[in-house]
Amino acid sequence: MELIKQMELYAKEHHVPIMENDSMDYLCNYIKEHEIKRILEIGTAIAYSAIRMAQVRDDIEIVSIERDEERYQIACENVEKARYQNRITLIHDDALQSQVEGTFDLLFIDAAKAQYIKFFERYVSKITHSVVSDNLAFHGYVEHPETIQSRQLRQMVKKIKKYIVYLENRSDFETEFVSIGDGLAISRKKAENK
Ligand code: SAH
Ligand code: MG
């Protein structure tokens with residue numbers, strides 16, 4: 001069976017929240033159109049999105065950070081199976097602590113929703129083109145918070161909303177919210193006026 005299909009099955013069986021297919025296609029097209037070459041990903045999980053992004057073009061390089069030990073191990077196996085060890089670098093660490101060298105065209109944030117502002121601020125100085133954030137619709141709860149029963153979930157949705165407002169208010173980025181998959185934000189860096 002094809003590796004991508006195997007990973008999709010594994011994710012389903014083990015409840016790993018990999019990116020939805022529609023948003024994955026959208027992101028890959030964006031990478032292609034804007035000739036994105038270097039990508040920093042926060043939240044590798046099993047390296048599904050990293051491998052899909054690496055498939056866009058063979059000059060794409062990805063650094064991806066995952067804090068969960070088991071997922072990191074599986075991600076390493078998958079990157080080997082895909083033979084992308086030379087283009088995908090996996091880091092086992094908490095992205096709020098890890099030190100990453102160099103600059104990137106694109107930052108892809110797909111990790112703990114409550115920390116999105118922190119991730120953005122920690123890595124923004126390394127980014128030259130765009131920041132893409134996943135899961136901003138959070139299964140429809142962001143638009144319909146009245147349906148939420150649990151307090152914990154309500155808190156989470158509040159934090160996602162706060163991040164949305166934060167993106168809107170960043171005058172150095174132009175953000176477009178795309179209702180695809182579980183909701184994507186594409187924040188494009190504006191040209192600096194000097
Ligand atoms: N991008 C993946 C899915 C990531 S799921 C894909 O689409 O294939 C989110 C992952 O983020 C989880 O595996 C979780 O362990 C990881 N994560 C959450 N907070 C993190 C943090 N602070 N640093 C690193 N990884 C984190
Ligand atoms: Mg996601």
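Each ligand, and each atom within it, is numbered from 1 in the order the structure gives.
- Residue Gly43 has at least one nitrogen or oxygen atom sitting less than 3.5 Å from a nitrogen or oxygen atom of ligand 1, judged on distance alone.
- The single protein non-hydrogen atom nearest to atom 3 (C) of ligand 1 is Asp110 OD2, 3.4 Å, given as residue, atom name and distance.
- Of the protein's non-hydrogen atoms, Ala111 CB, 3.7 Å is the one closest to atom 17 (N) of ligand 1.
- Looking at Asp110 and the Mg ion (ligand 2) together, the shortest N, O or S contact belongs to OD1.
- Not a single heavy atom of Arg52 sits closer than 4.0 Å to an atom of ligand 1.
- Residue contacts to the Mg ion (ligand 2): Ser49 brings no N, O or S atom closer than 2.8 Å.
- At a 4.0 Å heavy-atom cut-off, ligand 1 does not touch Gln115 at all.
- Closest to atom 7 (O) of ligand 1, if we only count protein heavy atoms, is Met19 N, 2.8 Å.
- Taking the six-membered ring for Trp and the full ring otherwise, Phe173 and Phe120 have centroids separated by under 6.0 Å.
- When only non-hydrogen protein atoms are considered, atom 18 (C) of ligand 1 lies nearest to Ala112 N, 3.4 Å.
- For atom 2 (C) of ligand 1, the nearest non-hydrogen atom from the set Gly181, Ser49, Ala95, Ala75 comes from Ser49.
- Atom 22 (N) of ligand 1 has its closest protein heavy atom at Asp94 OD1, 2.9 Å.
- The residue among Glu66, Arg71, Arg67, Glu20 with a heavy atom at the shortest distance from atom 15 (O) of ligand 1 is Glu66.
- By the criterion of a heavy-atom distance under 4.0 Å, the backbone of Asp93, and not its side chain, is placed next to ligand 1.
- Summarising the local packing, NZ of Lys162 is surrounded by 12 or fewer heavy atoms from other residues, nucleotides or ligands at distances under 6.0 Å.
- Residue-level check: among N/O/S atoms of Asp134, OD2 sits closest to the Mg ion (ligand 2).
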